[in-house]
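To find a chain, count down the sequence lines: A is the first, B the second, and so on, and within it residues start at 1.
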Amino acid sequence: MSGLFNLPPRATKAGDSLLAKKASKAAQANVGITIKGGGGLLERISTISAMVNKNLGKYKDRYEVIRDEETFEKYIDECIKNGVISIDTETNSLDPITCTLAGLCLYTTGNKAVYIPLHHVSYVTGIEIENQISDEFATKQMQRIVDNKIKVIMFNAKFDIRVIKNQLGVELTAYWDGYLAARLLNENEPESNLKALHKKYCMQGEGDAFGFDSLFKGIPFTHIPVNTGYLYAARDAEITYELYEFQRPFLTEGDPICVERDLTGPAFVFNHIEMPLINIVAEMEDTGVAFDFDLADRLSKEYNIKLKEAEDKFYKKCDNFGEALDKYREKRGAANKLQYPVNISSPTQIAIMLYDVLEIKPVDKEKPRGTGEEILSKIDHPVAKAILEYRGIAKLLSTYIDKMPAITNPKTKRIHASFNQIGADTGRFSSSDPNMQNIPSHNNEIRKMFRASDGYVLLSSDYSAQEPRIMAHMSKDEKMIKAYRDGKDLYVEIASMAYNMLYSECKEFREDGTSNPEGKERRGAAKAIVLGVCYGKGVAAIAEDLQVTKKKAQEIYDKVMVSFPGLKRFMEESEAMARDYGFVTTVWGRKRRLPNMQLPPYEFTYIGGAPKDFDPLFDDEDEFDDGLLEIDEATKQKYINLLNRTYSRKEKEVIKAKAKTEGILIKDNGGYIAEATRQCVNSRIQGSAADQTKLAMILVGNDARLKELGFKLLLAVHDELIGECPRENAKEVSERFAQLMVEAAKDLAVPSKCDVEVTECWYGEPLQLD
DNA sequence: ACGCGACGCGCC
DNA sequence: AAAGGGCGCGTCGCGT
C-alpha cells in the first residue's frame with residue numbers, strides 16, 4: 001500500500017474562490033469579463049439555474065436570502081449573541097481592488113446560513129436589480145462585527161478581508177482561516193480547497209453531486225440570479241464553519257486532541273505566526289509597489305532589439321550547415337519535425353539539430369538529448385552560444401520586462417502581487433501574479449522598474465546569513481555558535497578549520513583592505529559546503545560548484561564535518577527524527593511531514609495474477625489479483641540481500657528482471673527515500689527561516705512607531721523585507737526596521753544581523769541619509 | 001480552443 | 001551509484 005505514497009501531485013494552492021484561475025488573469029489584466037464559448041450567456045445562465053436548482057434544491061429551505069435591512073441587522077444580532085460568525089464573499093473577479101462585491105455569505109450557529117446580495121445585475125439588461133442591501137448598510141453591519149469582537153471564521157481569509165476592506169471600508173480580522181489551518185495540519189494534502197477539504201473531513205467523502213466551480217466558470221457571480229446563486233453562496237459560509245469545527249481541536253493549544261496528536265507545535269505556529277500575519281500580508285498586497293513605466297518602456301525597446309539581433313545571429317549560424325539541415329528534413333519526409341527556419345525556442349528542434357544533424361556527442365549521460373543551460377554551455381559550437389544568448393533575452397522580455405506593465409493595476413497603476421502565506425510546503429511564502437520573488441538580481445536593470453512612491457524611499461532589509469545562523473542554532477554546534485557570538489564570519493571560520501589555516505588567511509580581504517583571491521576561494525569553498533548541507537547537496541554536486549575534483553571536495557567536506565561535530569549530529573538527528581516519526585520540525589514548531597522516509601527500501605508484489613506454483617485446486621485465484629498474497633519472508637530476504645550487495649543501477653535492474661521471471665515485481669523506493677532524506681535538514685532550516693521572517697513581518701507590520709513614520713511593508717522575499725516611507729523619516733525608519741527584524745530572532749542561540757539599504761528604486765544607488 | 005506535463009530558468 | 005531544497009511561469013507539444 002505504501003507504494004501509493006509516491007510524490008503526491010502538488011496541491012492547488014489558490015484559495016477556493018468562485019472563479020477559475022484563467023478568469024482571474026483576464027480580470028487582472030483588465031480585459032473585462034468575457035463569457036466563454038462566445039455568445040449564449042443567457043442560455044448558459046438558464047442552464048446553470050436549472051442545474052443548481054436540481055442539485056442543490058434540497059438546500060432550498062436550509063438557506064435564505066436577506067433583502068431588507070431589518071433582517072440583516074437581526075442576523076448580526078444573532079452573531080453577536082453567539083460571538084462567532086463565518087463569512088465568505090462572492091465577487092465578479094479575483095482582484096479585491098477592482099472587483100464588484102456581489103454579496104455576502106454569513107452563517108452563525110443555530111441559524112440558517114444566509115446570502116445578502118449587494119450588487120447583482122440582471123443578466124438580461126446588465127442593470128443592477130432591485131431589493132439589494134446598500135453598501136452603507138453593509139458597512140455598518142461589518143463594523144458591528146469588529147466593534148463587538150466577534151470571532152470571524154473564514155477560508156482563505158486574506159481575500160475576503162481585502163474585498164471587504166476595499167469595497168466596504170471595514171478591516172476585519174479573522175479568528176480562524178481554514179485554508180492556513182489545513183496547510184499546517186497537512187502540507188501534503190492533495191487538494192487544499194474548501195470543498196475538497198469539507199467533503200473529505202466533514203462528509204466522510206460524500207460531497208455534492210457535481211462541481212459548481214466548473215459550472216460557473218467564466219461567469220461573474222454578479223450575473224447569476226440571486227435565487228440560484230444563494231444556494232451555492234450560503235452553503236460556502238456554512239461549510240467554512242463546519243470545517244472550522246472539525247479543525248479547531250487540532251490547532252487549539254491545550255485541547256487534549258491537539259496534545260494527543262502532537263500538534264502543539266503547529267498550533268503555536270497557527271495562532272502566533274500565521275493568523276496574526278494575515279492582515280499584514282493583506283495590507284502589503286493592497287499597498288502594492290510603484291512602477292516606473294518609462295523605464296519599462298525603454299527596457300522593452302532595448303531588449304527587443306537585442307532579441308532580434310540574437311535571433312539573426314542564430315539563423316546565420318544555422319546557415320553554415322543549412323545543407324545538412326535540409327538533408328535531414330528531406331530524409332525524414334512526413335515525420336520531419338524540423339521547421340524552416342529552425343524554431344529557436346523549441347527544445348525538440350534544438351535537440352534534433354544538435355544531436356542528429358550536427359551529431360554532437362552528448363555531454364550529460366543522464367540527459368543525452370538535453371538542451372538546458374548547463375548542457376548547452378558545455379557544447380563548444382557557435383549555435384549553442386547563440387541559443388543561450390537568445391534564451392536569456394527572451395526570458396527577460398516575456399517574463400519580466402513586457403509582463404510587468406501589463407499586470408499593473410488599472411486603478412492604482414501599481415504592482416499588487418499575490419503572496420501565498422504557506423505557498424511552499426516548508427512554510428515559505430510564495431508569490432504570483434507577478435512572482436516578485438524571482439525578479440532577476442544579477443541584471444539589476446529589471447529590479448529598478450520597481451520604485452518608491454513619490455516623496456518616499458525604498459527600504460530593503462535582509463538577514464545576513466539567515467540559514468547558516470539557524471543551522472548553528474539548531475545543531476547547537478559550539479564552534480559555530482561561538483563564531484557568530486564573536487562576530488566572526490562563519491564561512492571564514494569554517495574555511496580556516498577545513499584548510500588548517502589562520503582565520504586571516506581565509507578572508508576575502510587582507511588587513512590593509514587589499515583583496516586576497518586565495519582567501520576568497522577558501523571562504524567560497526566553505527560557503528558552498530555549508531549551503532550544500534542546507535540544501536541536502538551531495539559531494540559530487542559540491543565539487544561541481546567549486547570546480548574541483550570529487551576527491552578534493554570530499555576532503556574538504558570531511559574536514560568540515562570533523563571540525564563541526566554538531567553539524568554532523570544535527571543531520572543524523574534530523575534524519576532519524578523523520579524515520580522514527582515521519583516528520584521533522586522547525587525552531588518554532590512547524591512540521592514538515594516526510595512519509596517517504598518510512599517507506600521500506602523495497603516492496604514485493606506478485607504480478608500477472610498467480611505465481612508459477614499456483615495450484616488451482618488449492619489456491620484461490622482472487623487472492624493474487626490485487627497483490628494481496630504476501631510473499632514469504634525468505635524469498636524477500638533473498639532478493640533484499642542480492643540488491644544490497646550491489647551499488648550499480650544496472651545490476652539492480654538485472655536482479656529485478658530475474659525476480660520478474662518468478663512472477664515477483666520489486667518496487668525500488670530508493671529514489672523516494674533519498675529525496676526525502678535530502679529534505680530532512682533542508683526543511684528544518686528553510687522552514688525555520690520562514691518562521692523567523694514571518695515573525696519579523698508581524699513585529700514590523702504592527703509597530704506603532706513605524707506606522708507613525710508612514711512606513712509600509714511592500715514585499716517579502718524569503719530573507720528580505722522591503723518597504724517604503726517618506727524620505728524625511730528614512731533614517732529613523734531604517735534603524736527601527738532592522739532592529740525589529742533582529743528582535744524577531746531573539747530566541748536563537750546566535751545573534752542576528754540585518755543590512756538595510758535605502759534607495760529610490762529596488763537595487764538602486766544607496767541614498768545618503770540625514 | 002483549451003488543459004496539462006515536461007522542460008527550462010528566474011530568485012532565495 | 002548518484003544524489004539540489006523551495007517556488008512560479010513561459011514555451012512547446014501533445015491530447016482532448
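Distances from the side chain of A:Pro440 to the nucleotides C:dG6, C:dC9, B:dG10 place B:dG10 closest. Side chain of A:Arg447, nearest nucleotide from B:dC12, C:dC12, C:dC9: B:dC12. The side chain of A:Lys403 has C:dG10 as its nearest neighbour among C:dG10, C:dG6, C:dG8. The A:Gln679 side chain lies nearest to C:dG5 when the options are B:dC9, C:dG5, C:dG4. Taking only side-chain atoms of A:Ser432, from C-beta outward, the nucleotide of C:dG8, C:dG5, B:dC12 with the closest atom is C:dG8. Closest approach to the A:Val717 side chain among B:dC9, C:dG13, B:dC12 is made by B:dC12 (side chain taken as heavy atoms from C-beta onward). Distances from the side chain of A:Asp425 to the nucleotides C:dC7, C:dG4, B:dC11 place C:dC7 closest. Listed nucleotides C:dT11, B:dC11, B:dG10 differ in distance to A:Ser398; the shortest reach to its side chain belongs to C:dT11. Of the candidate nucleotides B:dC12, C:dG5, C:dG10, C:dG5 has the atom nearest to the side chain of A:Glu675. Ranking C:dC9, B:dC12, C:dG4 by closeness to the A:Asn435 side chain, first place goes to C:dC9.
A:Asn156 and A:Lys158 share no side-chain donor-acceptor pair at under 3.5 Å. When only modelled atom types and interatomic distance are considered, A:Gln686 and A:Glu467 share no side-chain donor-acceptor pair under 3.5 Å. A:Glu285 and A:Ser418 share no side-chain donor-acceptor pair at under 3.5 Å.
Looking only at distances, no side-chain donor or acceptor of A:Arg579 sits under 3.5 Å from a matching main-chain atom of A:Met597. A donor-acceptor distance shorter than 3.5 angstrom exists from the side chain of A:Tyr463 to the backbone of A:Met741, with no hydrogens or angles considered.
In this entry the distance linking CG of A:Leu307 with P of C:dG10 reads 16 Å, nearest Å. Rounded to whole angstrom, the span from the CG atom of A:Leu396 across to the P atom of B:dC9 amounts to 12 Å. Summarising the geometry, the separation between CD1 on A:Ile407 and P on C:dG10 is reported as 8 Å, rounded to the nearest angstrom. To the nearest angstrom, P of B:dC11 lies 17 Å from CZ of A:Phe419. Put simply, OH on A:Tyr400 is 7 Å from P on B:dC11, counting in whole angstrom units. Look at CD1 on A:Ile387: it is 15 Å from C1' on C:dT11, rounded to the nearest Å. Taking atom NZ of A:Lys395 as the reference point, atom C1' of B:dC7 lies 11 Å away to the nearest angstrom. Taking atom CG on A:Leu594 and atom P on C:dG5, their separation rounds to 12 Å, with Å as the unit.
For C:dG8, one of the phosphate oxygens OP1 or OP2 lies less than 4.0 angstrom from a side-chain nitrogen or oxygen of A:Ser430. Of the side-chain N and O atoms in A:Arg678, one or more sit less than 4.0 angstrom from OP1 or OP2 of C:dG5. Between A:Asn420 and C:dC7, a side-chain N or O to OP1/OP2 separation shorter than 4.0 Å is absent. For the pair A:Arg428 and B:dC12, the criterion of a side-chain N or O lying under 4.0 Å from OP1 or OP2 is not met. Between A:Ser683 and C:dG5, a side-chain N or O to OP1/OP2 separation shorter than 4.0 Å is absent.
A salt bridge does not link A:Lys568 with A:Glu573: none of the charged nitrogens is closer than 4.0 Å to a carboxylate oxygen.
In this structure, A:Thr677 reaches neither bases nor backbone, as no heavy-atom distance under 4.0 Å exists between it and the strands shown.
Between A:Asn682 and A:Lys652, the one whose closest nucleotide on DNA chain C sits nearer the 5' end is A:Lys652. Take the nearest nucleotide of DNA chain C for A:Ala540 and for A:Arg592: the residue whose nucleotide is more 5' is A:Ala540.
Spacing between C:dG4 and B:dG10 at atom C1', rounded to whole Å, works out to 16 Å. Spacing between C:dA3 and B:dG8 at atom P, rounded to whole Å, works out to 16 Å.
Note that A:Lys403 lies outside the cation-pi zone of A:Tyr400, set by a 6.0 Å cut-off to the ring centre and a 45° limit from the axis.
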